[in-house]
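In what follows, residues are counted from 1 in the order of the sequence shown. Every number for a ligand or one of its atoms is a count from 1 in the order of the listing.
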Amino acid sequence: MARTPQSIPLLISLSVLAFLQTSYAGGIAIYWGQNGNEGTLTQTCNTGKYSYVNIAFLNKFGNGRTPAINLAGHCNSASNGCTSVSNGIRNCQNRGTKVMLSIGGGVGNYSLSSSYDAQKVANYLWNNFLGGKSSSRPLGDAVLDGVDFDIELGSTQYWDNLARALSGFSKRGRKVYLTAAPQCPFQDRFLGPALNTGLFDYVWVQFYNNPPCQYTTGNTNKLLNSWNRWTSSINSRIFLGLPASSAAAGSGFIPANVLTSRILPVIKRSAKYGGVMLWSKYYDDQSGYSSSIKSRV
Ligand SMILES: *[C@@H]1O[C@H](CO)[C@@H](O)[C@H](O)[C@H]1NC(C)=O
């Protein structure tokens, strides 16, 4: 049987079209905790906008320090004032949002002094925020989904040990998610070896405050090249980490229409695409950024 003359070109163009349009759906991750005027955790999840919330930050730990969580104006954990955050955590989880404790941050005093110290910190995190037991759980008795590594200062060592130790707790039943917020220059100076363990579920790369690999007005090349480097090197779901407003970072803000027309359609072709991470809930409230992009993420 002879085909009609048009059918072969049609078949080819249809399959090219299908290939070009393969596109993955993602979710929005948000940082909450560093501004008392950004609403409670319960209000944050009740917006329905976020699939992941990182509670920021446990910014003092390791090397013999007494661990401390800092939630800015939300509550004072030094006087045991943050335990009601548990209600917010459970509400988020009931709505299908995963909640992580973010450790580190840009301001604090933290480091790991040995692999033994990494195991000690892992035990502390397990007992105080995850499935273990402690008489002084800073966020109350809710069990968080995992731990987010936002390591930006101090020593570069032993973060891989911490990742392995935390991941080991998954054997006790409930999975402990591991996430991280490396800077976009590859590979991250603090988190490179930890990410190479392959144990991280979600990696929200900070494509801001990093001129070599971020968007600059009218130019998506540096960002897209860096995105390709990350997705071809790291075996995790990769997220595009961005400031939620131009005030949220020194540089790297991407206007919502540029993101949805010139960047998301490209990065969503990657099977490792996980979505967009925003810093932070406070700035997202000011700008409405997540609302402008959500249907396209
Ligand atoms: C940071 O922690 C170390 C303990 O490892 C301590 O000696 C130092 O005083 C701390 N620095 C600040 C600024 O709190």
Side-chain angles (χ1 to χ4, degrees), residues 31-38 54-83 85 100-130 132-140 144 146-169 176 178-183 185 187-197 199-200 204 206 208-210 241 243 248-250 279-283:
Y31 278 84
W32 174 91
Q34 283 303 292
N35 192 307
N37 299 317
E38 64 193 341
N54 297 308
I55 298 182
F57 292 104
L58 183 85
N59 69 351
K60 192 177 162 212
F61 61 89
N63 195 24
R65 301 174 187 98
T66 302
I69 190 169
N70 174 309
L71 296 184
H74 287 288
C75 54
N76 181 2
S77 91
S79 58
N80 210 24
C82 298
T83 54
V85 174
M100 267 62 74
L101 173 68
S102 189
I103 65 170
V107 178
N109 193 2
Y110 56 85
S111 63
L112 302 171
S113 57
S114 64
S115 57
Y116 174 74
D117 191 35
Q119 182 66 57
K120 265 178 54 177
V121 169
N123 293 346
Y124 167 81
L125 292 169
W126 168 256
N127 286 324
N128 286 280
F129 298 95
L130 301 167
K133 289 219 176 334
S134 160
S135 57
S136 58
R137 288 172 67 96
L139 303 181
L144 290 165
V147 177
D148 176 57
F149 288 45
D150 181 20
I151 306 307
E152 307 198 4
L153 52 86
S155 161
T156 59
Q157 287 190 286
Y158 307 113
W159 301 108
D160 51 338
N161 299 81
L162 181 63
R164 283 191 207 91
L166 285 170
S167 175
F169 287 116
V176 174
L178 294 186
T179 72
Q183 310 294 319
Q187 72 174 351
D188 186 87
R189 180 160 92 81
F190 292 99
L191 292 170
L195 296 175
N196 289 338
T197 63
L199 294 172
F200 284 76
W204 7 84
Q206 297 186 44
Y208 51 97
N209 297 331
N210 283 302
W279 175 268
S280 63
K281 173 60 163 53
Y282 174 77
Y283 293 103

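With sequence neighbours excluded, no residue forms a side-chain hydrogen bond (donor to acceptor under 3.5 Å, both in side chains) with N35. Residues meeting the side-chain hydrogen bond (donor to acceptor under 3.5 Å, both in side chains) test with N210, sequence neighbours left out: Q183. With sequence neighbours left out, R137 forms a salt bridge (charged side-chain N to carboxylate O under 4.0 Å, His left out) with no residue at all.
Nearest heavy-atom pair, P138 versus Y124, reported as atom, atom and distance to 0.1 Å: CG-OH, 4.0 Å.
Side-chain polar atoms of D150 and Y31 form no donor-acceptor pair below 3.5 angstrom.
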For ligand 1, list all ligand N or O to protein N or O distances below 3.5 Å, rounded to 0.1 Å.
unit_1   : atom_1 : unit_2 : atom_2 : d
ligand 1 : 2 (O)  : R65    : NE     : 2.8
ligand 1 : 2 (O)  : N109   : OD1    : 3.3
ligand 1 : 2 (O)  : N109   : ND2    : 2.4
ligand 1 : 5 (O)  : N63    : ND2    : 3.3
ligand 1 : 5 (O)  : R65    : NE     : 3.4
ligand 1 : 5 (O)  : R65    : NH2    : 3.3
ligand 1 : 11 (N) : N109   : ND2    : 2.7
ligand 1 : 14 (O) : N109   : ND2    : 3.3

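Atom CD of Q34 sits about 7.0 Å away from atom CG of L71, to the nearest 0.5 Å.
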